[in-house]
Q: 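Before I ask anything, let me first share the structure, which is written out below as structure tokens.
A quick note: this is a predicted structure, and the numbers were derived from the prediction, not measured. Order of listing sets the numbers, starting from 1, for every ligand and every atom in it.
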Amino acid sequence: MKKYTMALSAGLMALSPLAAVADSDDPIVIPIHNWSSQIVMSNVVGQIFEQMGLNVEYVTTDSQAVYESVRLGDVTLELEVWEGAFGASFRAALEKGGIVDVGDHNAVTREDWWYPMWTKDACPGLPSWEALNDCAALFATAETGDKGRYLDGPVDWLKHGKERVEALNMNFEVINAGSAAALWAEIGSAEADKRPIVVFNWTPNFAEAVWPGEFVEFPVWVDGCDKDPAVGPNPNALYDCGNPANGYLKKAAWEGMEAKWPDAYAVLERISFTNPQIAAMAKLVDVDELEPNEAAEVWLEENQAVWSGWLNG
Ligand code: TMO
């Protein structure tokens, strides 16, 4: 009887398409960037792959150049393709070939100019960008003279803050922060005396639970705003729109991943994080100050029901 059962289950295994080809022992190369949710999510997925018996290697890479690395197979996948910051690089890589769109997360994203709510007391016309521009003097610093300062993210996230200021003829100067931590430090120090500030921020993120705030409303994003000057309110300029207010968050992979690691690819296809899950992953590092690999362990422990569904399909 026991023999029969074993033979039956061996037969079932042989029938299973997932068991037909074993995943390669070569490491799945997962890129790590410079914001916390991406780092924790990468560790979460890496630890899931390790639980499947696969090898994983993490590499720290530039968040724009990574699309070329995935296309070439030097990096196996990318877990957080944010439409606002990386849509253009992702589309360019798709056109060249070698990278595949592995679908959207459940999450809806936005990345743009943002202010903590106390800023509105000093500039009540917000969130309109025109009202912000009329208040530019409130945001002036020693560094920016009589122009308002906009503290943008690190240069590899978004390269077009300066172009937007020019395209919309704004009285602002764009200063790039050196790191995400510098953005949080700036919001924290402005909080003490409720100093008006405008900085780059995004959702989902831990920040929304710590500092209530709003995105500045720029002219609504229209496809082509970064390619065709005629799109957007300034007929002669690119980047005269805000970033998408309901942007996607995608997964991408090297096109060879499915053949080389079929089980891992099937799991990657099923992976889908929500806004609250992503905000929680960022919080574990930015507020609770865990190391990313520890944060991933905590997240996996607290969300077994979520990811066991991805493993078993
Ligand atoms: C890519 N980011 C979430 C930092 O805007």
Side-chain angles (χ1 to χ4, degrees), residues 30-45 60-70 75 77-93 104-116 150-164 174-187 198-211 213-216 218 221 225-226 239 241-252 272-287 292 295:
I30 301 182
I32 298 288
H33 305 309
N34 52 354
W35 66 97
S36 299
S37 69
Q38 196 274 347
I39 303 172
V40 176
M41 188 189 293
S42 296
N43 277 267
V44 162
V45 173
T60 298
T61 80
D62 179 279
S63 61
Q64 301 286 347
V66 71
Y67 296 97
E68 188 67 8
S69 305
V70 173
V75 164
L77 53 82
E78 168 61 54
L79 289 162
E80 286 196 7
V81 185
W82 291 66
E83 182 171 8
F86 312 119
S89 294
F90 179 51
R91 281 192 298 275
D104 292 23
H105 291 280
N106 170 281
V108 176
T109 65
R110 187 168 186 182
E111 308 153 83
D112 224 322
W113 297 38
W114 176 96
Y115 54 86
Y150 166 57
L151 187 63
D152 206 346
V155 281
D156 62 315
W157 294 350
L158 280 177
K159 296 201 161 101
H160 309 296
K162 292 183 175 74
E163 286 94 330
R164 190 188 298 177
V174 178
I175 304 290
N176 287 104
S179 65
L183 296 173
W184 318 141
E186 175 63 12
I187 302 171
V198 58
V199 303
F200 180 76
N201 198 352
W202 61 90
T203 184
N205 191 3
F206 80 94
E208 52 213 282
V210 180
W211 300 289
E214 291 175 339
F215 288 101
V216 176
F218 281 96
W221 166 261
C225 193
D226 56 349
Y239 306 109
C241 303
N243 284 328
N246 298 291
Y248 63 65
L249 185 68
K250 281 185 180 294
K251 304 160 288 177
S272 171
F273 290 99
T274 65
N275 286 54
Q277 288 165 352
I278 292 167
M281 287 190 275
K283 175 183 174 284
L284 288 168
V285 168
D286 288 324
V287 178

Q: Between ligand 1 and the protein, find all N/O pairs closer than 3.5 Å and give the distance for each.
A:
from	atom 1	to	atom 2	distance (Å)
ligand 1	5 (O)	Glu111	OE1	2.8

Q: Could you tell me how the ring of Phe86 sits relative to the ring of Tyr67: parallel (under 30°), tilted (30 to 60°) or perpendicular (over 60°)?
A: tilted

Q: Keeping the roles fixed (side chain from Gln64, backbone from Trp157), state whether a donor-acceptor pair exists under 3.5 Å.
A: yes

Q: Using modelled atom types and a 3.5 Å cut-off, is there a donor and acceptor pairing between side-chain atoms of Glu186 and backbone atoms of Leu183?
A: no

Q: Does Phe200 offer a backbone N or O that forms a donor-acceptor pair with the side chain of Glu111 under 3.5 Å?
A: no

Q: Examine distances only and state if a side-chain atom of Asn243 and a backbone atom of Asp112 form a donor-acceptor pair shorter than 3.5 Å.
A: no

Q: What orientation do His105 and Phe273 show, parallel under 30°, tilted 30 to 60°, or perpendicular over 60°?
A: tilted

